[in-house]
Amino acid sequence: MAWQGNVAAMPVQMQMYYTGTATEQGEVAEPVVNFLKWFYHFIEKNEIYHVENMYEDGYYKISDFYFKDKPWPAPDVVQGIVEEKDEGSIFMILYRELYYRHIYARLKPTLEHRFDSYANYCELFSYLLSAEEPVKIELPNKWLWDIIEEFVYQFQNFQQFKSKAGKINEEEKSMLRDDEDNVWKVTAVLNILLQLTEKCNINQQLIAMEKGEPITEDIAGEFGMKPIYTMTGFFSLVGLLRLYCLLGDYHMALSCIEHVQFKDKDMMALVPACQITANYYAGFAYLMIRKYGNTIQLYQHILGYMQRTKQFFQNRSFQADDINKKNEQMLALLAIASTFCPLRLDESVNIQIKEKQGDKVARIQHGDMAVYDDLFFSGCPKFLSPVVSENPTSPFGSSGPRGLQLQVFKAEVEQQRLIPTLRSFLKLYTSIPISKLAKFLDMHENEVRCCLMAFKHKKEVAKGDSTEQTTMDIDFYVDKDMVHISDTKIARHYGDYYVQQVLKLKESNKLILGAALTPVVATNTV
């Protein structure tokens, strides 16, 4: 069977690995052999344009066509195909990274695969970090991001594997006990990511960018002037953000991206998947430290971006599922944040929330607090414990780290429980005695004072550093035993709604014109 695809649209040098038949050369099909040889050639010659095309297009298409439910050729087989004498060459390290990543994505990795993949990552990062002068090789930004993301993912997967003691056989338990290298140890993973950020002085570079200063060697250092080090360091910041969120250290997570600008023209925008991941984890961290305004601001921006670029991701099936999942998670978390801190949402985002989470938001408004649990579990990441023990009695209880994070979140929900009711009563008056308000709420006057102070405090904390204007249209102050309320209604903005309707009109016009231009085939009636 010949390879099916738009071969003519590809560079002439790359068309060769798509041509020919799938006759077996040993155990490897001819198009795969051609692909590997050209891939090796372009990496060795450091031709980044062709490497990028082969990685982003060829690798995934060949994976879908030939290796949908089986691994790529073993590294030693590939070493023979490309005639590479050194198994520690950068090509072989990069190939092994793709080889193990494919096993994680399409198959079930064994414990040996997990150990070998970790060793290969250590070899790859050592190649970058231990060099006395910057390495000459350049890799596409997308591949660099995928390396960091996969490194954190495999660490997460390994910790979850170890936590399921009941499903591990005796041989695997023995291998884990005999592990002297502390494979996938949390401190080792954190240390590698931190070293990658320090190698290129990425934080100093980001500070200089913030000030509008040019990046010089005095700021970035010798290594920081090379794109492979700068981008790997930047992506490592996002990897640290994700890792600290998984471990439940939200303040540390946000400190890692202190100098990162969440803008469309920032370094992050060079790889859309990185932009989406960073916004998701940063927004979740803000949610857990009760800065709901920041969560809303980040999620509004990225959800709008994802909607505008939806077609781009749909054309890449290997990314579409992950992007759609992140979209669903952010909508669930945004529904939570907007109930705690009502801010004006973009019309397009508001429509998405109503479509996906409308029934749950309505139940919250009717006082169903259990819905918060569903929304939290729908939106939160898969948390990890920094220490995994074979002891079946977990310090986190039967629900593990996820249950512990839910308890922290539910404590905040309980504190917020009376605020919507209190706010609804305050909106009815310009002034009201505390004694009267206490009767409405069926509470003691001192408890009402505490609730009023909590309302004030939550209102200010929830807004965080957001520049959006709050729709909490109630402001008040307490003078002795009287609550004085000032109505601070905000003028509605109709721009978003108008733009949304214009876009719908354009789509309708396209459909009408398309239908009008379609020829009608007449049929003869007898």
Side-chain angles (χ1 to χ4, degrees), residues 1 3-5 17-18 20-43 51 54-84 86-125 139-140 142-143 145-158 160-162 164 167-169 171-172 175-176 183-184 316-322:
M1 181 186 292
W3 177 265
Q4 302 296 319
Y17 68 77
Y18 279 115
T21 59
T23 55
E24 300 295 321
Q25 293 184 354
E27 295 182 353
V28 184
E30 183 181 350
V32 179
V33 171
N34 291 334
F35 172 83
L36 289 168
K37 287 182 176 180
W38 280 107
F39 204 24
Y40 173 75
H41 170 78
F42 290 134
I43 288 177
V51 172
M54 295 189 75
Y55 173 74
E56 294 194 14
D57 187 61
Y59 168 72
Y60 289 102
K61 283 185 177 178
I62 287 181
S63 293
D64 287 337
F65 195 84
Y66 289 102
F67 306 109
K68 202 165 189 176
D69 54 1
K70 61 181 181 179
W72 273 70
D76 57 339
V77 174
V78 172
Q79 188 177 347
I81 289 173
V82 301
E83 299 178 1
E84 171 58 63
D86 183 10
E87 67 175 1
S89 68
I90 185 59
F91 173 80
M92 291 308 303
I93 294 172
L94 292 171
Y95 177 76
R96 286 194 293 269
E97 193 274 327
L98 295 175
Y99 173 78
Y100 292 120
R101 192 201 308 174
H102 179 79
I103 290 175
Y104 270 85
R106 303 291 180 94
L107 308 167
K108 186 177 179 181
T110 64
L111 189 56
E112 187 176 357
H113 285 142
R114 298 175 193 274
F115 281 14
D116 291 344
S117 180
Y118 177 76
N120 189 66
Y121 275 119
C122 289
E123 196 172 351
L124 173 58
F125 294 134
L139 293 175
K142 176 67 171 62
W143 195 350
W145 161 248
D146 287 342
I147 287 171
I148 297 298
E149 184 185 39
E150 185 69 15
F151 179 60
V152 176
Y153 165 73
Q154 289 189 20
F155 162 75
Q156 179 183 3
N157 191 278
F158 184 78
Q160 290 168 346
F161 169 77
K162 283 180 67 178
K164 299 174 182 177
K167 297 182 179 180
I168 301 176
N169 59 45
E171 182 182 354
E172 290 173 332
M175 288 177 67
L176 289 171
V183 171
W184 292 116
R316 296 166 177 253
S317 58
F318 59 90
Q319 286 185 339
D321 292 341
D322 290 340

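Scope of the values below: all heavy atoms of this structure, side chains included, with no hydrogens, waters or symmetry mates. For the single chain, residues carry numbers from 1 onward in sequence order.
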S.K.: Are E123 and R96 close enough that some pair of their side-chain heavy atoms sits under 4.5 Å apart?
M.R.: yes
S.K.: Give a yes or no on whether a salt bridge exists between E83 and K37, defined as a side-chain N under 4.0 angstrom from a carboxylate O.
M.R.: no
S.K.: Donor-acceptor check, side chain of W145 to backbone of P140, threshold 3.5 angstrom: yes or no?
M.R.: no
S.K.: How are the rings of Y40 and F91 set relative to one another: parallel (under 30°), tilted (30 to 60°) or perpendicular (over 60°)?
M.R.: perpendicular
S.K.: Taking atom CZ of R101 and atom OH of Y121, what is their separation to the nearest 0.5 Å?
M.R.: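 OH of Y121 is found 6.0 Å from CZ of R101.
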S.K.: Report yes if some heavy atom in the side chain of I81 is under 4.5 Å from a heavy atom in the side chain of V32; otherwise report no.
M.R.: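 They are not in contact (no side-chain heavy atoms under 4.5 Å apart), so the answer is no.
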S.K.: Does any non-hydrogen side-chain atom of P109 lie less than 4.5 Å from one of Y100?
M.R.: no
S.K.: Could you check F115 against T110 for side chain to side chain contact (heavy atoms under 4.5 Å, CB included), going step by step and ending with a plain yes or no?
M.R.: CA-CA 9 Å; F115 281 14; T110 64; over 6 Å; no
S.K.: Taking the side chain as everything from C-beta on, heavy atoms only, tell me whether W72 gets closer than 4.5 Å to I103.
M.R.: no
S.K.: Are N120 and Y99 close enough that a side-chain donor and a side-chain acceptor fall under 3.5 Å?
M.R.: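 Absent: no donor and acceptor within the cut-off.
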S.K.: Which distance, rounded to the nearest 0.5 Å, do you find between the NZ of K162 and the CG of N157?
M.R.: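 Between atom NZ of K162 and atom CG of N157 there are 13.0 Å.
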S.K.: Between F151 and W184, does the ring centre distance come in under 6.0 Å?
M.R.: yes
S.K.: Judged by atom type as modelled, is there a donor-acceptor pair below 3.5 Å linking the side chain of Y59 to the main-chain atoms of L98?
M.R.: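 Yes, the answer is positive, given that a donor and an acceptor are paired below the 3.5 Å cut-off.
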S.K.: With distance as the sole test, does Q79 use its side chain to make a donor-acceptor pair with the main-chain N or O of E84 at under 3.5 Å?
M.R.: yes
S.K.: Step by step, would you call Q154 with Y118 a side-chain hydrogen bond (donor to acceptor under 3.5 Å, both in side chains)?
M.R.: CA-CA 8 Å; Q154 289 189 20; Y118 177 76; over 6 Å; no
S.K.: Within the structure provided, determine whether I168 and L176 are in side-chain contact (heavy-atom separation under 4.5 Å).
M.R.: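 Yes, their side chains come closer than 4.5 Å.
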S.K.: To the nearest 0.5 angstrom, please state how far the CG atom of L111 sits from the CD atom of E172.
M.R.: 5.5 Å
S.K.: Do NZ/NE/NH1/NH2 and the carboxylate oxygens of R106 and D64 come within less than 4.0 Å?
M.R.: yes
S.K.: How many angstroms lie between CD in E56 and CH2 in W143, if you round to the nearest 0.5 Å?
M.R.: 11.0 Å
S.K.: Applying side-chain hydrogen bond (donor to acceptor under 3.5 Å, both in side chains), run through Y104 and E150 and close with a yes or a no.
M.R.: CA-CA 9 Å; Y104 270 85; E150 185 69 15; over 6 Å; no
S.K.: Within this structure, what is the CD1-SG distance for the pair I93 and C122, rounded to the nearest 0.5 Å?
M.R.: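 SG of C122 is found 11.0 Å from CD1 of I93.
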S.K.: Would the distance check show the side chain of H41 and the main-chain N or O of W38 forming a donor-acceptor pair, the cut-off being under 3.5 Å?
M.R.: no
S.K.: Could you check whether any side-chain heavy atom of Y95 comes within less than 4.5 Å of a side-chain heavy atom of F39, counting everything from C-beta outward?
M.R.: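 No - every pair of side-chain heavy atoms lies 4.5 Å or more apart.
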S.K.: Where the side chain of H102 meets the backbone of F67, is there a donor-acceptor pair that is under 3.5 Å apart?
M.R.: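 Flag set: sc H102 to bb F67 pair under 3.5 Å.
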S.K.: Looking at every heavy atom in both P73 and V28, which two are closest together, and how far apart are they?
M.R.: CG-CG2, 3.9 Å
S.K.: Can you find a heavy atom in the side chain of M92 that is under 4.5 Å from one in the side chain of P75?
M.R.: yes
S.K.: Rounded at 0.5 Å granularity, tell me how far CD in Q160 sits from CZ in F155.
M.R.: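 Those atoms lie 10.0 Å apart.
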S.K.: So which heavy atom on V82 is nearest to which on L36, and how close?
M.R.: CG1-O, 3.7 Å
S.K.: Are any side-chain N or O atoms of S117 and backbone N or O atoms of R114, one a donor and one an acceptor, separated by less than 3.5 Å?
M.R.: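 Not confirmed, S117 side chain does not pair with R114 backbone.
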